[in-house]
Every structure is written in C-alpha cells, then in structure tokens.
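In what follows, a structure is listed as structure tokens, so that the remarks can point back to it.
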Amino acid sequence: MTAQRAAELFRETFGEEPDGVWSAPGRVNLIGEHTDYNGGLCLPIALPHRTWAALRRRDDRRLRMVSAQGDGLVETTLDEVGPGAPGGWAAYVAGVPWALAAAGHEVTGFDVAVDGGVPLGAGLSSSAALECAVAAAVSDTTGLGLLDSPAGRTALAAACVEAENTVAQAPTGGMDQSAALLATAGHALLLDCRDSTTEQVPFDLDAHGLALLVVDTRAEHSLVDGQYAERRDSCEQAARELGVQTLREVPLDGLDAALASLSGDLLRRRARHVVTEIARVEKAREALRADDFQRLGELFLESHASMRDDFEISVPELDTAVTAATAAGALGARMTGGGFGGSAIALVRREDADAAQAAVEKAFAEQGFTAPACFVVAASGPAARDL
Ligand code: ADP
Ligand code: MG
C-alpha cells in the first residue's frame with residue numbers, strides 16, 4: 001500500500017502515466033462521539049494509514065475508476081452521477097467531482113487508480129480517506145488550488161461530506177473528512193461542528209513516553225444501517241422537545257433541568273450522552289494543553305461508559321478491548337467511531353503497549369471472538385500530493 005503501487009495500478013489499467021499521486025489519511029477520534037451532527041465538538045487525529053489515488057485528468061466527462069481493494073474497473077460519466085449512482089465503492093470516488101461541480105467548481109472527467117492502506121469498515125474512516133485523496137487530486141489537476149489554504153481544505157471537506165451523504169448515501173457528520181484534510185502531525189484536531197472552526201491541539205505522545213494503541217475488533221460494523229439514523233433521530237427529537245436547534249445549546253450545568261423536561265427515559269439517556277460528551281471534549285483539550293494524560297485517560301473511560309450505557313452503541317468486543325487494556329495498565333480506553341463494532345483506542349505507557357496488546361488478544365481468544373488487529377499510531381499529516 002504505497003503511492004508507487006497506486007501509480008503502478010494506474011499504468012497497468014490505463015496504459016498511461018498518471019498526472020500525479022495524492023493521498024489522505026484515515027483517522028481515530030480521541031473523544032467526542034456522535035457529537036458532530038449535534039453541532040458539538042470532536043477531537044480526531046489523522047492516522048499514519050493512508051489511501052492513495054493516482055489520477056489523470058481527462059478532457060471529456062468520463063470517469064474510469066479502479067481500486068486495489070475493489071472488484072475491477074468501474075466506468076461512468078459525470079452526467080450519470082447522482083444520488084445512489086454509481087453504487088458500491090465507486091460512489092465515494094465519483095461523488096467527489098459531482099459535489100465539487102454542485103458547489104460551483106469547473107470539473108472534468110478523470111481516470112483514477114486507488115490503493116488503500118486504511119482498513120475498510122473498521123471505524124477508521126477508509127471512506128473519507130478515499131474521498132479526500134480523490135478530492136486533493138481533482139483540486140490540483142483542475143487548478144482549484146483548494147489544498148493551499150485552510151479555507152480551501154474546509155471547502156474540499158464539505159464536498160466530500162456531500163459526496164458521501166448524497167451519492168454514497170451514507171449518513172456522516174463531517175468529522176472524518178475534516179480530519180483527513182485538516183489534521184496535522186503531532187496534533188489532534190479540535191473540530192467545532194457548529195461553525196466548522198478548528199483548533200490544533202498538541203498531541204505528541206512519544207514526547208511523553210506514551211502511545212496510542214488502536215484495536216480493530218473486526219466485529220461487524222456498518223454506518224449504512226438503521227442504528228446511526230435512529231441515534232440521529234433521537235437527538236433531533238430531544239432538541240425539538242427542548243426548543244433548541246441542536247443539543248450543543250444545552251449547557252452542562254443546565255443538563256438536569258433539560259433532561260427532566262424530555263418525554264422519556266430513552267431520549268434522556270441519548271441527550272445525556274451528547275451533552276456530557278461535548279463537555280468531555282472540552283476537558284480533554286484542557287488536559288492535553290496541561291500535559292495531564294492521567295486525566296485524558298479518565299475522560300476516555302467516562303466516555304466509553306456513556307456510549308455503552310446511555311447511547312448504547314458499544315458491543316461486547318469493544319467492551320472487552322476496553323476492560324482488558326485497562327486491566328493491563330492503560331491510562332484509559334474507549335471505543336471510537338460510530339459504534340456497533342469498529343475500533344477501540346487505549347492510552348498506554350510506551351513500555352506497556354505490548355502487554356496491553358497481548359492482554360486484549362488473550363481476552364478476545366477467551367471470549368471466542370475473531371482475533372483483533374492491534375497497532376500503535378502517532379498523530380499524522382493530512383491529505384497531500386505524494387508524487
Ligand atoms: P470506514 O469509513 O469506517 O472504513 P465505511 O463503511 O464508512 O467504513 O466505508 C467503507 C467503504 O468505503 C468500503 O465498503 C468501500 O466501499 C469504500 N472504500 C474505502 N476505501 C476503499 C478502497 N481503498 N477501495 C475501494 N473502496 C474503498
Ligand atoms: Mg466511513
């Protein structure tokens with residue numbers, strides 16, 4: 001999985017040289033889950049895992065797409081792209097020029113070869129990595145220049161969200177695309193989803209003798225199903241009952257009164273997760289600014305409990321990963337991403353990383369779960385041109 005492999009796949013498939021190779025990273029969210037569509041805060045880092053797109057601009061409106069992780073060549077034209085079309089993985093590619101055109105940019109067709117190094121469907125955002133790599137390539141090859149400024153990158157992220165929501169028809173709130181385009185090495189990206197503003201928060205674990213262990217549980221996971229929509233609907237209903245635009249407007253110190261006026265226990269628990277989770281992101285930012293990693297670990301654990309008990313998006317594999325890592329000395333651990341599978345993260349002392357990983361693998365084996373994939377990650381860089 002490299003830029004060179006994407007370029008090779010391009011040559012093999014299309015018999016020509018690509019104009020260049022661009023890439024974008026997957027992400028893990030440190031804290032702030034299901035807050036994005038509530039106008040809240042989240043705190044992702046870009047992963048060292050990336051997806052590469054070797055792309056050559058065409059003079060016509062054809063789109064020809066191939067992926068090392070796909071199933072053959074997909075062909076369409078810009079005029080045929082729309083809600084639900086094309087289907088499958090190509091939607092995440094073709095949706096990007098479609099959304100850029102809808103935003104008023106001049107785009108053309110292209111040939112593209114993709115090679116992805118972000119595990120697919122593991123909650124690490126392979127979909128946004130794919131969209132954003134393509135968006136970076138389209139921006140550069142058509143002279144849009146959107147990679148050159150934070151405002152341009154924010155506009156590219158918005159187009160990628162539109163591609164995923166409308167063409168791939170997967171509901172997604174915007175964190176993934178912002179992380180892929182705006183997160184920088186050695187930092188977490190504090191993203192305020194109310195106004196799309198961002199702040200770089202130092203996150204250099206190596207300098208503090210710490211490490212972030214990611215556990216891909218390999219449990220079933222899909223955002224394109226009813227669970228995500230149900231949580232989103234519950235949050236919108238709670239906001240309506242409270243007479244606010246989004247749950248972001250409910251202050252932590254007014255939470256009890258707000259909860260008392262909601263129409264049922266389910267809505268109360270959903271709203272409590274969102275409001276306390278947004279507050280935990282703010283506390284995490286303060287902890288990081290103060291180098292207080294003990295506190296960050298506590299916030300991880302509080303966040304996990306809230307997702308497990310109030311938002312009900314955890315599964316036994318995620319709970320097992322969190323419990324086992326914590327028992328093996330992690331400062332804290334939590335599930336990350338949309339839930340119902342996917343990945344967990346654990347904040348560990350560097351010298352404990354191997355033991356924490358072994359403890360998680362042992363616990364999974366004892367429970368009869370599929371073996372997890374574990375890796376240590378550092379906060380990495382955003383979408384860029386590689387070749
Ligand atoms: P996640 O973003 O957490 O990995 P999603 O369900 O949002 O999970 O996106 C996964 C989908 O993205 C895959 O099923 C596939 O359609 C598409 N995808 C991501 N990366 C690639 C790739 N390298 N090649 C082909 N399709 C990809
Ligand atoms: Mg995704």
Side-chain angles (χ1 to χ4, degrees), residues 1-3 5-10 13 21-29 33-34 36-37 42 44 46-47 49-55 63-74 84-96 112-137 157 160-181 214-229 313 315 318 335-345 373 383:
M1 270 81 70
T2 59
R5 258 193 59 184
E8 259 162 51
L9 180 61
F10 188 98
T13 309
V21 182
W22 290 258
S23 66
R27 60 99 188 94
V28 278
N29 189 22
E33 228 62 75
H34 285 261
D36 52 1
Y37 55 82
C42 53
L47 291 175
H49 305 63
R50 301 177 80 84
T51 294
W52 287 270
L55 186 141
L63 297 169
R64 298 195 296 171
M65 301 163 275
V66 68
S67 167
Q69 291 74 41
D71 44 6
L73 187 69
V74 180
W89 70 271
Y92 298 93
V93 177
V96 171
V112 67
V114 171
D115 191 21
V118 184
L120 266 59
L124 302 175
S125 194
S126 69
S127 60
L130 175 55
E131 293 147 13
C132 294
V134 170
C160 291
V161 172
E162 182 61 23
E164 183 151 347
N165 284 340
T166 303
V167 179
Q169 303 200 304
T172 168
M175 163 172 60
D176 304 352
Q177 294 77 7
S178 294
L181 282 153
V214 176
V215 178
D216 169 6
T217 64
R218 300 194 171 160
E220 261 320 289
H221 157 75
S222 172
L223 281 184
V224 195
D225 69 5
Q227 295 287 355
Y228 183 92
I313 54 174
V315 291
L318 290 165
M335 55 155 284
T336 180
F340 306 105
S343 299
I345 52 173

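Just follow the structure's listing: the first ligand is 1, and inside any ligand the first atom is 1.
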Separation between CZ of R27 and SG of C42, rounded to the nearest 0.5 Å: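 It is 8.5 Å, given to the nearest 0.5 Å.
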
Interatomic distance, H49 atom NE2 to D216 atom CG [nearest 0.5 angstrom]: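 Reported to 0.5 Å precision, the distance equals 9.0 Å.
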
Pick from G116, S67, S343: the one approaching atom 22 (C) of ligand 1 most closely through a non-hydrogen atom: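 When every heavy atom of G116, S67, S343 is considered, S67 comes closest to atom 22 (C) of ligand 1.
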
Option with minimal heavy-atom separation from atom 13 (C) of ligand 1, where the choices are T51, L130, L124, L120: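 Answer by nearest heavy atom: L120.
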
Any non-hydrogen side-chain atom of [X] less than 4.5 Å from a side-chain atom of [Y]?
X    : Y    : value
M335 : T217 : no
V96  : E162 : no
L130 : V114 : yes
Y92  : V134 : no

So if I count the atoms of ligand 1 from 1 in the order they appear, which ones are less than 4.0 Å from some heavy atom of [X]?
X    : answer
G121 : 1 (P), 4 (O), 8 (O)
V114 : 23 (N)
S125 : 1 (P), 2 (O), 3 (O), 4 (O)
G123 : 3 (O)

Over all atoms of both residues, closest heavy-atom pair of L9 and A68: CD2-N, 3.5 Å

Polar atom proximity, G88 to ligand 1 (N or O, under 3.5 Å):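 Looking only at distances, the answer is no, because the N/O contact criterion of under 3.5 Å is not met.
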
Heteroatom proximity flag, D115 to ligand 1, N/O under 3.5 Å: no

Residue-ligand contact A170/ligand 1, heavy atom below 4.0 Å: no

The Mg ion (ligand 2) contact by S127, N, O or S atom under 2.8 Å: yes

